[in-house]
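Within every chain, numbering begins at 1; the chains are lettered A, B, ... in the order of the sequence lines, protein sequences first and strands thereafter.
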Protein chains: 2
Amino acid sequence: MLAAARARVDAGDLELPMNAVAKEAGVGVGTMYRHFASRQELLEALAAESFRDLVREARDAAANPDIAAGLTGLIRATLRRQLTDPALAWVLASGDVEHADSRGLLAELLATAQHLLARARAEGAIRADVTPDDLRRLTCGIRYAATSGGDAGPAALDRYLSILMRGIQPGAGA
Amino acid sequence: MLAAARARVDAGDLELPMNAVAKEAGVGVGTMYRHFASRQELLEALAAESFRDLVREARDAAANPDIAAGLTGLIRATLRRQLTDPALAWVLASGDVEHADSRGLLAELLATAQHLLARARAEGAIRADVTPDDLRRLTCGIRYAATSGGDAGPAALDRYLSILMRGIQPGAGA
DNA sequence: ACCTGAACACCGTTCAAGT
DNA sequence: ACCTGAACACCGTTCAAGT
């Protein structure tokens with residue numbers, strides 16, 4: 001069931017028609033709905049593994065004694081995981097997560113970012129007004145910029161990441 | 001017909017079901033399809049007016065003798081128009097424009113940006129590697145960051161715009 | 001020439017009926 | 001208890017039939 005859905009997502013299709021997935025999984029539509037109340041929950045279930053990996057990477061990044069490196073690591077990881085797993089990108093962008101597990105993962109990701117941001121702020125390594133939710137939204141935005149309406153390619157992605165990193169630096173003199 | 005579609009978009013619905021719009025416009029579905037070959041063309045037609053306004057603003061910005069102000073003006077305008085007209089945001093993000101008029105407008109917008117970027121580069125007012133298409137993608141990304149999954153509010157929008165502007169500045173020492 | 005809307009193929013979601 | 005799939009309400013798109 002999740003395998004059938006995963007096959008579709010990996011094939012670049014995020015639509016995930018419940019009827020079609022059910023048939024491919026050799027199961028009735030009703031069973032589908034008994035396990036996943038909505039398409040959103042199905043996507044969250046699909047993204048769960050990547051999400052757990054991301055949270056682990058985020059914790060590692062936050063533990064880095066070199067704060068600048070930690071911040072870069074956090075943002076890079078969030079961005080890369082979104083590009084690797086479109087389902088995760090969708091879940092992260094959608095703000096209101098439905099399943100308890102995903103909500104927990106999101107809360108932990110934001111808490112980790114909060115922690116890292118506090119340290120970075122204390123050292124003047126980041127603009128004072130950037131929040132964890134900003135990082136979530138901005139990485140989703142960069143992902144969107146790099147992929148929406150035709151892939152922009154890896155060079156462009158690096159460019160956007162670099163622009164974001166520079167953009168959140170504290171002002172030179174202001 | 002366009003009025004009926006506009007009413008829907010203004011009510012926050014970008015779905016624009018052809019059948020429903022046709023009925024609301026008091027017209028058969030076939031007529032709908034005779035005027036707009038696809039939903040995309042309908043959206044482009046809807047966005048045309050905002051698009052023309054944007055191109056005009058972009059030209060004004062590019063004509064500004066103060067290059068930094070011109071660059072800010074261009075980006076602000078592109079962002080604001082997208083927020084005002086979701087149809088325009090959709091068209092700008094979708095990359096491959098279908099209708100000749102929209103294609104012309106997009107080409108002109110990018111040419112104007114190219115012109116401004118060349119001047120800005122010459123004065124060292126911007127990173128050398130930023131292209132017009134980057135500006136298009138990045139403003140779409142910021143729009144996405146600020147609105148996707150619940151509106152982030154005007155303060156966040158200003159923050160993201162500021163981050164983008166700072167991010168495309170040339171490196172201090174690098 | 002232009003328009004209509006029935007018709008087909010789809011998809012989300014529910015729920016009576018089966019095991 | 002769990003599962004199935006027909007059934008309903010939709011939407012995109014086409015095209016024979018009307019004016």
Between [N] atom [atom2] and [X] atom [atom1], what is the distance in whole Å?
{"X": "Tyr33(A)", "N": "dA6(D)", "atom1": "OH", "atom2": "C1'", "result": "15 Å"}
{"X": "Lys23(B)", "N": "dA9(D)", "atom1": "NZ", "atom2": "P", "result": "13 Å"}
{"X": "Asp13(A)", "N": "dC11(C)", "atom1": "CG", "atom2": "C1'", "result": "12 Å"}
{"X": "Leu42(A)", "N": "dG12(C)", "atom1": "CG", "atom2": "P", "result": "10 Å"}
{"X": "His35(A)", "N": "dA1(D)", "atom1": "NE2", "atom2": "C1'", "result": "12 Å"}
{"X": "Met18(B)", "N": "dC10(C)", "atom1": "CE", "atom2": "C1'", "result": "17 Å"}
{"X": "Gln40(B)", "N": "dT13(D)", "atom1": "CD", "atom2": "C1'", "result": "16 Å"}
{"X": "Glu15(B)", "N": "dC11(D)", "atom1": "CD", "atom2": "P", "result": "9 Å"}

Kindly point out which of dC11(D), dT4(D), dG12(C) is positioned nearest to the side chain of Asn19(B)? dC11(D)
Proximity to the side chain of Val27(A) - top-ranked nucleotide from dT4(C), dT4(D), dT14(C): dT4(D)
Flag if over 12 foreign heavy atoms under 6.0 Å of CZ, Arg76(A): no
Need the pair for dA17(C). Rule: Watson-Crick or G-U wobble, both distances under 3.5 Å, any strand; none if unpaired. none
May I ask which nucleotide in the shown strands pairs with dG12(D), Watson-Crick or G-U wobble, both distances under 3.5 Å? dC8(C)
In terms of the nearest nucleotide of DNA chain D, which residue is placed more toward the 5' end: Gly28(A) or Leu16(B)? Gly28(A)
Residues Asp53(A), Arg80(A): salt bridge by 4.0 Å N-O rule: no
5' precedence on DNA chain C between Gly26(B) and Val29(A) (nearest-nucleotide basis): Gly26(B)
Once you round to the nearest 0.5 Å, how far does OG1 of Thr78(A) lie from CG of Leu135(A)? 7.5 Å
Heavy atoms of Leu88(A) and Gln82(A) approach each other most closely as CD2-N, 4.4 Å
All heavy atoms of Leu157(A) vs all of Ala146(A), minimum pair found to be CD1-CB, 3.7 Å
